[in-house]
Student: 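I am attaching a structure below and will ask some questions about it afterwards.
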Amino acid sequence: WPYVKRLVDYLLGWDPEELAGRCLGDHGSVLTKEGFKSGTPDKELVGWCAIARFARAAARFGRILGLSGSDYAARFEELRAEIAHRFSRGDGSFGNGTQTGIAFAADLGLADEAALADALVSKIRDEDGVLSTGIFGTTIAFDLLHRTGHSDVIEAWLVREEAPSFKSMLASGNRALAEQFETGFSSYNHAMFSSYLQWFYEGLGGIRIADDAVGADKIELRPYFSALTDAVTCSLSTCRGKVSTCWGRAEDGSLSFSYSAPVDTEVCLHVPEGVEVRKL
């Protein structure tokens, strides 16, 4: 905790307007056409949101540790209100209206989550199914889209053939992800966009540690029953033990979902009606 506090106090000691301008931005976006790190989408908004996210994380850590007298929660709310004031476009969108801006707005709760998710889906479809978020926005977008019932949009992006896409990134046979989809000026061995693994566990496997969990004591199970496969098995090791899921589609199209979790773990099921559910 002393090290977390030292870092967050240092960041919050800056004028946020100055510090936001020093942010890397949503690096790796396909919208970055000039230079290596310049021109990232909604860079100023991302900078402000990054500062707010540090304050929010510190507030959460403080609550978990039972610390009193911390003003991080209040500082987060101040930053969130200032971000809403500075970047609201008055039509429900924020910043420059990019996919990145929508994702970060949803992450901070600047507007209705479902409406922002729908706006993000519309934006992605308008851009030929391409996620133009960078490494940070993509992680947030995957989580947002899955939780709001839009995993089909994520899946379509992951199996896309034409450039830009993961498959085109790997078409050279390099067998490792590149730093950016526009690979002419990037590293060819990077974990930059490996956040799709998050969706493999949370979407296909359906396993997500709840936002309000402490020590993985609360698990959400929200599987996405993909039409591109008939069976998925998944397991996640936590500090309380292993969480496992398995789902399958029978020849008649019916679906079954099985799961197991440690006995002292709260499980919240989000499974459509008609799916047979079994606890192992």
Side-chain angles (χ1 to χ4, degrees), residues 53 56 60 99 102-109 111-125 129 131 133 136-159 193-250 253-280:
R53 283 164 61 89
R56 181 177 64 187
R60 180 168 185 260
Q99 293 182 27
I102 296 170
F104 274 90
D107 178 66
L108 291 191
D112 178 72
E113 183 180 76
L116 287 171
D118 288 344
L120 179 57
V121 169
S122 178
K123 191 79 172 174
I124 292 169
R125 288 175 174 160
L131 263 73
T133 46
F136 307 115
T138 295
T139 299
I140 297 170
F142 279 2
D143 181 60
L144 171 66
L145 291 171
H146 174 60
R147 287 188 296 98
T148 54
H150 298 293
S151 267
D152 59 313
V153 177
I154 300 172
E155 185 174 58
W157 166 236
L158 294 179
V159 301
F193 283 98
S194 60
S195 56
Y196 64 86
L197 289 171
Q198 166 191 342
W199 182 78
F200 281 5
Y201 281 87
E202 296 185 1
L204 291 177
I207 303 171
R208 184 179 190 272
I209 297 176
D211 289 336
D212 58 348
V214 177
D217 64 351
K218 186 176 181 180
I219 302 292
E220 296 178 355
L221 298 180
R222 192 191 306 266
Y224 166 62
F225 299 111
S226 169
L228 300 185
T229 186
D230 289 325
V232 170
T233 59
C234 183
S235 64
L236 178 68
S237 295
T238 77
C239 56
R240 291 176 178 266
K242 183 178 289 187
V243 180
S244 298
T245 60
C246 176
W247 66 263
R249 182 180 289 105
S254 62
L255 291 163
S256 60
F257 177 74
S258 304
Y259 72 94
S260 63
V263 293
D264 56 348
T265 301
E266 180 183 349
V267 176
C268 300
L269 280 170
H270 302 273
V271 179
E273 288 187 18
V275 178
E276 179 186 356
V277 178
R278 288 192 306 153
K279 182 178 180 181
L280 301 177

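All residue numbers in this chain count up from 1 along the given sequence.
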Student: Quick one: do F257 and R278 satisfy side chain to side chain contact (heavy atoms under 4.5 Å, CB included)? Show the steps, please.
Tutor: CA-CA 6 Å; F257 177 74; R278 288 192 306 153; over 6 Å; no
Student: Closest approach of A213 and I209, non-hydrogen atoms and distance?
Tutor: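 Closest heavy-atom pair between A213 and I209: CB-CG2, 3.7 Å.
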Student: Side chains of Y259 and V243, heavy atoms from C-beta outward: is any pair under 4.5 Å?
Tutor: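 No; the side chains remain at least 4.5 Å from each other.
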Student: Tell me the closest heavy-atom pair linking P223 and H146, and the distance in Å.
Tutor: C-CE1, 4.5 Å
Student: Within the side chain of T148, is there an N or O that forms a donor-acceptor pair under 3.5 Å with the backbone of L144?
Tutor: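 Side chain of T148 to backbone of L144: a pair is present.
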Student: To the nearest 0.5 Å, how far apart are CZ in R249 and OG in S254?
Tutor: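 If I round to the nearest 0.5 Å, the distance is 9.5 Å.
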Student: Give me the atom names and distance for the closest heavy-atom approach of I207 to C234.
Tutor: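 Shortest heavy-atom contact: CD1-SG, 3.9 Å.
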Student: Quick one: are T245 and S258 in side-chain contact, heavy atoms under 4.5 Å?
Tutor: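 The answer is no, as the side chains (C-beta and beyond) never meet within the 4.5 Å cut-off.
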Student: For the residue pair F200 and Y196, categorise the inter-ring angle as parallel (less than 30°), tilted (30 to 60°) or perpendicular (more than 60°).
Tutor: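 Rings of F200 and Y196: perpendicular, as their planes differ by over 60°.
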Student: How many angstroms lie between OH in Y224 and CD1 in I154, if you round to the nearest 0.5 Å?
Tutor: 9.0 Å
Student: Using every non-hydrogen atom in the two residues, find where L145 and A117 come nearest and quote the distance to one decimal.
Tutor: CD2-O, 4.3 Å
Student: Quick one: closest heavy-atom pair of D211 and R60, and the distance?
Tutor: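 Of all heavy-atom pairs spanning D211 and R60, the closest is O-NH2, 2.9 Å.
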Student: With a 4.5 Å limit on heavy-atom distance, are the side chains of F142 and W157 in contact?
Tutor: yes
Student: Once rounded to the nearest 0.5 Å, what's the spacing between atom CD of E276 and atom CG of L255?
Tutor: 10.5 Å
Student: Would you find a donor on one side and an acceptor on the other, under 3.5 Å apart, between the side chain of T238 and the backbone of G241?
Tutor: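 Yes, T238 side chain to G241 backbone: donor-acceptor pair under 3.5 Å.
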Student: Going through the distances and angles, do D107 and R56 end up as a side chain to side chain contact (heavy atoms under 4.5 Å, CB included)?
Tutor: CA-CA 11 Å; D107 178 66; R56 181 177 64 187; 3.0 Å; yes
Student: Quick one: does K242's side chain get under 4.5 Å of L236's, heavy atoms only?
Tutor: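 No, side chains not in contact.
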Student: To the nearest 0.5 angstrom, please state how far the CG atom of L204 sits from the CG atom of L197.
Tutor: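 Atom-to-atom, L204:CG and L197:CG are 11.0 Å apart.
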Student: Would you say that L221 contacts I219 through its side chain, given a criterion of any heavy-atom pair below 4.5 Å between the two side chains?
Tutor: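 L221 vs I219: side chains touch.
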Student: Can you find a heavy atom in the side chain of T265 that is under 4.5 Å from one in the side chain of K218?
Tutor: no
Student: Evaluate the side chain to side chain contact (heavy atoms under 4.5 Å, CB included) criterion for residues L108 and R53: first the C-alpha distance (whole Å), next the side-chain angles of each, then the deciding distance (0.1 Å), finally the verdict.
Tutor: CA-CA 8 Å; L108 291 191; R53 283 164 61 89; 4.2 Å; yes
Student: D217 and E266: side chain to side chain contact (heavy atoms under 4.5 Å, CB included), yes or no, with the steps?
Tutor: CA-CA 6 Å; D217 64 351; E266 180 183 349; over 6 Å; no
Student: Before accepting this row, confirm whether a basic side-chain N of the pair D152/R125 lies closer than 4.0 Å to the acidic partner's carboxylate O.
Tutor: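 Between R125 and D152 there is a salt bridge, with a charged N closer than 4.0 Å to a carboxylate O.
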Student: On the 0 to 90° scale, with breaks at 30° and 60°, tag the W247-F225 ring pair as parallel, tilted or perpendicular.
Tutor: perpendicular
Student: Roughly how far, to the nearest 0.5 Å, is the OG1 atom of T133 from the CG atom of L120?
Tutor: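 Rounded to the nearest 0.5 Å, the CG-OG1 separation comes out at 7.5 Å.
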Student: Cut-off 3.5 Å, side chains only: do S235 and S244 have a donor facing an acceptor?
Tutor: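 No donor-acceptor contact under 3.5 Å links the two side chains.
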Student: Hey, is the main chain of G203 close enough, under 3.5 Å, to the side chain of R222 for a donor-acceptor pair?
Tutor: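 Such a contact is absent between R222 side chain and G203 backbone.
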Student: Would you mind reporting whether R208 and R147 have side-chain heavy atoms less than 4.5 Å apart?
Tutor: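 SC-SC contact between R147 and R208 confirmed.
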Student: Closest heavy-atom contact between S195 and T138?
Tutor: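 Nearest heavy atoms, S195 then T138: OG-CG2, 3.7 Å.
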Student: When you check the side-chain N and O atoms of E155 and S226, is any donor under 3.5 Å from an acceptor?
Tutor: yes
